[in-house]
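This report refers to the structure that appears directly beneath it.
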Amino acid sequence: MDDKSFPIEISGIQYGKMIYVQGGSFKMGSDHFDWSLPIHDVTLDDFYISETQVTQALWTAVTGKNPSDEYYGYGREDNFPVNSVSWNDVTNLFLPELNRLTGMKFRLPTEAEWEFAARGGNLSKGYKYSGSNKLNDVAWSERNSQHEENGLMYVHPVAEKLPNELGLYDMSGNVCEWCSDFFAPSYQSEPVVNPTGPASGKSRVFRGGSYHNSPVNLRVGHRCGNPPDFKASFLGLRLAI
């Protein structure tokens, strides 16, 4: 953890914290997936990203409502990640109210910021998942998310698995995470500084894989996109500044 980290606080109550990520350069993309090509050089300035996925407690404190699925009686608790929120819900409802309440400028991470942080930033050890080559150590996936009573896969509380090199939890698995960028089926090939994605598009990026995905979908280079009004039980978010 870096001593520049700070809490997310509303009315004197803390809802996790923001982790400082020192800027740097890295190879973005993956040759495991056609739409994660080409691998290209990216340079980023410093930024902050939340230690955990946004929880149901934080979303409810901001909006007054909990939109998350109940998962047959499991997974609707304060310390579980919020899910079933669209990109539009996040950017038009949650973030403006969060910033009003805190006086901050929270936002979604860019796709490049997300991948750099998932890889461990400048502390990266080159793991294929965020924080380890051993999936069960760091992630909830289709292989370990079944409930012991009914065998159904479901979301789990945040920060139950090990963090990555930056101290970030669940960047592989649990719920996928919206990013700010429009989705395109491939990257630009030239080196870029602080990229924000295409200027337009029909879908928005989400990253990280979820509790019901196979291991390949939890690799740090894997990416997907869906329309901004799409919502699902496997999809949530993480904050950036």
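Atom set for the values below is all heavy atoms of this structure, side chains included, hydrogens, waters and symmetry mates excluded.
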**Message:** According to ring-ring contact (aromatic ring centres under 6.0 Å, His included), who are the partners of F182, at least two apart in sequence or on a separate chain?
**Reply:** none

**Complete:** Sorted by chain and number, sequence neighbours left out, ring-ring contact (aromatic ring centres under 6.0 Å, His included) with H40 holds for Y187

**Asked** Does the side chain to side chain contact (heavy atoms under 4.5 Å, CB included) test come out yes or no for Y169 and L162, once each step is laid out?
**Response** CA-CA 7 Å; Y169 294 89; L162 296 176; over 6 Å; no

**Message:** Show, in sequence, the C-alpha distance, side-chain angles and deciding distance for N194 and D45, and conclude whether the side chain to side chain donor-acceptor pair (under 3.5 Å) test is met.
**Reply:** CA-CA 7 Å; N194 298 320; D45 293 336; 2.8 Å; yes

**Prompt:** Which of parallel (below 30°), tilted (30 to 60°) and perpendicular (above 60°) describes F183 and W35?
**Reply:** perpendicular

**Asked** Got a sec, which residues hit side-chain contact (heavy atoms from CB on, under 4.5 Å) with I241, two or more places apart in sequence or on another chain?
**Response**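 Residues passing side-chain contact (heavy atoms from CB on, under 4.5 Å) with I241: F6, M18, Y48, M104, F106.
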
**Message:** Assess the residue pair T43 and S25 against the criterion (side chain to side chain donor-acceptor pair (under 3.5 Å)); give the C-alpha distance rounded to whole Å, side-chain angles, the decisive distance to 0.1 Å, and a yes or no.
**Reply:** CA-CA 4 Å; T43 299; S25 298; 2.7 Å; yes

If every non-hydrogen atom of [X] is compared with every non-hydrogen atom of [Y], which pair is closest and at what distance?
X	Y	answer
S172	S130	OG-N, 3.0 Å
I39	K27	CG2-CB, 3.9 Å
T110	S180	CA-OG, 3.4 Å

**Asked** When you look at R119 and Y127, which way does the side chain to side chain contact (heavy atoms under 4.5 Å, CB included) test go after all the steps?
**Response** CA-CA 7 Å; R119 291 182 181 276; Y127 296 128; over 6 Å; no

Are [X] and [Y] close enough that some pair of their side-chain heavy atoms sits under 4.5 Å apart?
X	Y	answer
Y129	K134	no
L239	L98	yes
C179	F206	no

**Message:** How long is the straight-line distance from CG of L166 back to CG of N122, given to the nearest 0.5 Å?
**Reply:** 8.0 Å

**Atom pair CG (D89) and OG1 (T63), whose distance is rounded to the nearest 0.5 Å** =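 Here the rounded value is 9.5 Å.
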
**Charged N-O contact under 4.0 Å between E113 and R107** =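 Looking at E113 and R107, the cut-off is met.
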
**Message:** Could you check whether R204 pairs with D181 (Lys NZ or Arg NE/NH1/NH2 to Asp/Glu carboxylate O, under 4.0 Å)?
**Reply:**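 No salt bridge links R204 with D181.
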
**Request:** Let me know which of T52, N174, V54 forms a side-chain contact (heavy atoms from CB on, under 4.5 Å) with P81.
**Result:** N174

**Message:** Using the rule side-chain contact (heavy atoms from CB on, under 4.5 Å), only one of R238, H222, E111 pairs with R207; which is it?
**Reply:**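 When R238, H222, E111 are each tested with R207, the side-chain contact (heavy atoms from CB on, under 4.5 Å) holds only for E111.
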
**Item:** Candidate pair S84 and D69, rule side chain to side chain donor-acceptor pair (under 3.5 Å), full reasoning
**Value:** CA-CA 7 Å; S84 296; D69 288 343; 3.1 Å; yes

**Asked** Take atom CG in D229; do more than 12 heavy atoms of anything else shown fall under 6.0 Å from it?
**Response**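 More than 12 heavy atoms, drawn from other residues, nucleotides or ligands, come within 6.0 Å of this atom.
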
**Prompt:** Got a donor-acceptor contact below 3.5 angstrom from the N144 side chain to the A139 backbone?
**Reply:** yes

**Co-membership, hydrophobic cluster, residues V205 and W87, 4.5 Å side-chain** = no

